[in-house]
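Given the structure is predicted, the values throughout are model-derived calculations rather than measurements. Note on naming: letters A, B, ... go to the chains in the order of the sequence lines (proteins, then strands), and numbering restarts at 1 for each one.
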Protein chains: 2
Amino acid sequence: MIGDWWSLLIVRNALMGQRRFGEFQKSLGVARNILTVRLRKLVECDILEIAPASDGSAYQEYALTKKGRDLFHVLEALRQWGCENFFETGEATKVLVDRKHGRPVKKFELRAEDGRLLEPEETLLQLAPGMPGR
Amino acid sequence: MIGDWWSLLIVRNALMGQRRFGEFQKSLGVARNILTVRLRKLVECDILEIAPASDGSAYQEYALTKKGRDLFHVLEALRQWGCENFFETGEATKVLVDRKHGRPVKKFELRAEDGRLLEPEETLLQLAPGMPGR
DNA sequence: CGGTATCCCTGAAGATACTG
DNA sequence: CAGTATCTTCAGGGATACCG
C-alpha cells in the first residue's frame, strides 16, 4: 500500500498539514497523473479520505484517517534512523552504487539548492535535486 | 537506501537470524543476480557487513551492523501499523487497485498456500503468492 | 484548480546459462 | 554454494495535451 515511490511522501506531507491536490503536487514535484492515482489508492486503502474544502472553495481536500495518522510512527522511526545513523558524525552523505552491479560509484553530500550543506531536520523536506520529496 | 523492493525484506530476514546468500534467496524467492546487487548495496551502505562463515565453510556470511539492527524499529513500527489497522477486526484483506487509474479492482484475503487464512504474526513471513517476501 | 487521457522511456526485476 | 553475465519484460513514472 505504501511501498511505492510517492505514497509515503504524500502521507508525510499530509502529516505536515497539506491537504490539497495542488499542495502535494507542488511540494513533491510529482506528475499530476501519478498523483491522481496515488491519492485515489490511498483513499481506497483508507489512509486518506476525501473531505469538503475547508476554505469554502468548490474543490475537495484529502484528510488523513486514523490509519493514515498512525503512519506517523513509521515515518518517525525512519526519520530517527536517518538522523542517528547519518548525521551523528556530522556527515550528511548519500551512498551511490552502480545500479547494475551494486558497486560503489561515489558518495555525495546532501546540499540545498544554494549549495549549503543540509541540516538533519531539513532533509525530510529538502532532498537533493532529482530525488523525490522536494 | 532501503526504498526498493527487496532491501527492507532482506534486513527483516537478517533480523530473524538469516545470514547466508542461499537463505535469503530461498526464503525471499528473489532472483540471485538481484540479491547479489542488493546485498552489495546494503554492505556499501553499512547496513550489512561481510563476516566469515560461522559454520567453518569456505563461504562468507552477511551480518547486520548497528545501523542495520537499528532498522528493527522501522520494521517494528510497520508491523504494528499493519497489525493494528488490518487485523484488529479479524479481516486480513489486501486492497487491489488498478495500476493505471488507481480504481479499486477487488479485495482478497491473505491465505497460506493450503488455503488457510493467515494470522497476523504469520503475514510478516507468509505473503500471498506473487508478493515478495515469501 | 483539479484532474483525465495518451504516449513514451527507463530501470527494476526476472529467467537462464555459465563459473570458480 | 555463491555468485556473474546476458537478455528480456513490464510496471512505474514523466511529459504533454486536453477538459469542466
Side-chain angles (χ1 to χ4, degrees), chain A residues 1-10 13-14 18-44 48 50-63 96-103 105 127 129-134, chain B residues 1-10 13-14 18-44 48 50-63 96-103 105 127 129-134:
Chain A
M1 297 181 186
I2 53 167
D4 63 277
W5 201 247
W6 292 112
S7 293
L8 209 50
L9 293 166
I10 292 171
N13 286 22
Q18 295 184 13
R19 301 167 63 95
R20 293 287 282 262
F21 186 94
E23 280 184 301
F24 294 123
Q25 203 277 317
K26 267 187 281 190
S27 60
L28 295 172
V30 55
R32 289 205 306 282
N33 51 347
I34 302 299
L35 181 57
T36 300
V37 174
R38 287 294 100 88
L39 287 173
R40 197 173 322 186
K41 184 177 180 181
L42 289 170
V43 168
E44 192 55 33
L48 293 178
I50 293 183
S54 51
D55 64 350
S57 73
Y59 304 107
Q60 54 191 4
E61 294 187 348
Y62 296 89
L96 242 207
V97 297
D98 170 49
R99 165 174 63 84
K100 200 115 192 169
H101 302 98
R103 300 207 181 85
V105 175
L127 291 173
M131 299 297 291
R134 277 202 299 157
Chain B
M1 295 181 188
I2 53 166
D4 64 278
W5 199 249
W6 293 112
S7 293
L8 209 50
L9 293 166
I10 292 170
N13 286 22
Q18 295 184 15
R19 301 168 65 95
R20 293 286 282 262
F21 185 94
E23 280 184 300
F24 294 123
Q25 203 278 317
K26 267 188 283 191
S27 61
L28 295 172
V30 55
R32 288 205 305 283
N33 51 347
I34 302 299
L35 180 57
T36 300
V37 174
R38 287 294 100 89
L39 287 173
R40 198 167 340 198
K41 184 177 177 178
L42 289 170
V43 168
E44 192 54 32
L48 292 179
I50 293 182
S54 52
D55 64 350
S57 73
Y59 305 106
Q60 54 191 4
E61 294 186 348
Y62 297 89
L96 203 51
V97 297
D98 170 49
R99 165 173 65 84
K100 201 113 191 170
H101 303 98
R103 300 207 180 84
V105 175
L127 291 175
M131 298 298 290
R134 278 202 300 157

If you take all heavy atoms of A:Met1 and A:Ser7, which pair is closest and at what distance?
-> O-OG, 3.8 Å

Under 4.0 Å between a side-chain N/O of A:Arg38 and OP1 or OP2 of D:dG14, yes or no?
-> no

Just checking A:Phe24: base, sugar-phosphate only, or nothing, at a heavy-atom cut-off of under 4.0 Å?
-> nothing

Under 4.0 Å between a side-chain N or O of B:Arg20 and OP1 or OP2 of D:dC1?
-> no

When the rotation axes relating C1' atoms of four end pairs to the next four are compared across the helix from C:dC1-D:dG20 to C:dG20-D:dC1, five pairs an end, they differ to 10° by 50°

Short side-chain N/O contact to D:dG3 OP1/OP2 from B:Gln25, under 4.0 Å | no

Measure the distance from CZ on A:Phe21 to C1' on C:dG2 and round it to the nearest whole Å.
-> 6 Å

Among D:dA2, C:dT4, D:dA5, find the nucleotide with the atom closest to the side chain of B:Arg103.
-> C:dT4

Could I get a table of every N or O pair under 3.5 Å where one atom is in the protein and the other is in nucleotides 8-11 of chain D?
none

To the nearest angstrom, the CG-P distance between B:Leu9 and C:dA13 comes to 10 Å

Please check if the side chain of B:Gln25 supplies one atom and the backbone of B:Phe21 the other of a donor-acceptor pair under 3.5 Å.
-> no

Minimal heavy-atom distance between A:Tyr62 and A:Phe24, with the atoms involved, is CB-CE1, 4.3 Å

Indicate for each nucleotide in nucleotides 14-20 of chain C, in 5' to 3' sequence, whether protein heavy atoms under 4.0 Å reach the base (B), only the sugar-phosphate (S), or nothing (-).
-> BB-BB--

Pairwise 5' ranking along DNA chain C for B:His101 and A:Gly22, keeping only the more 5' one = A:Gly22

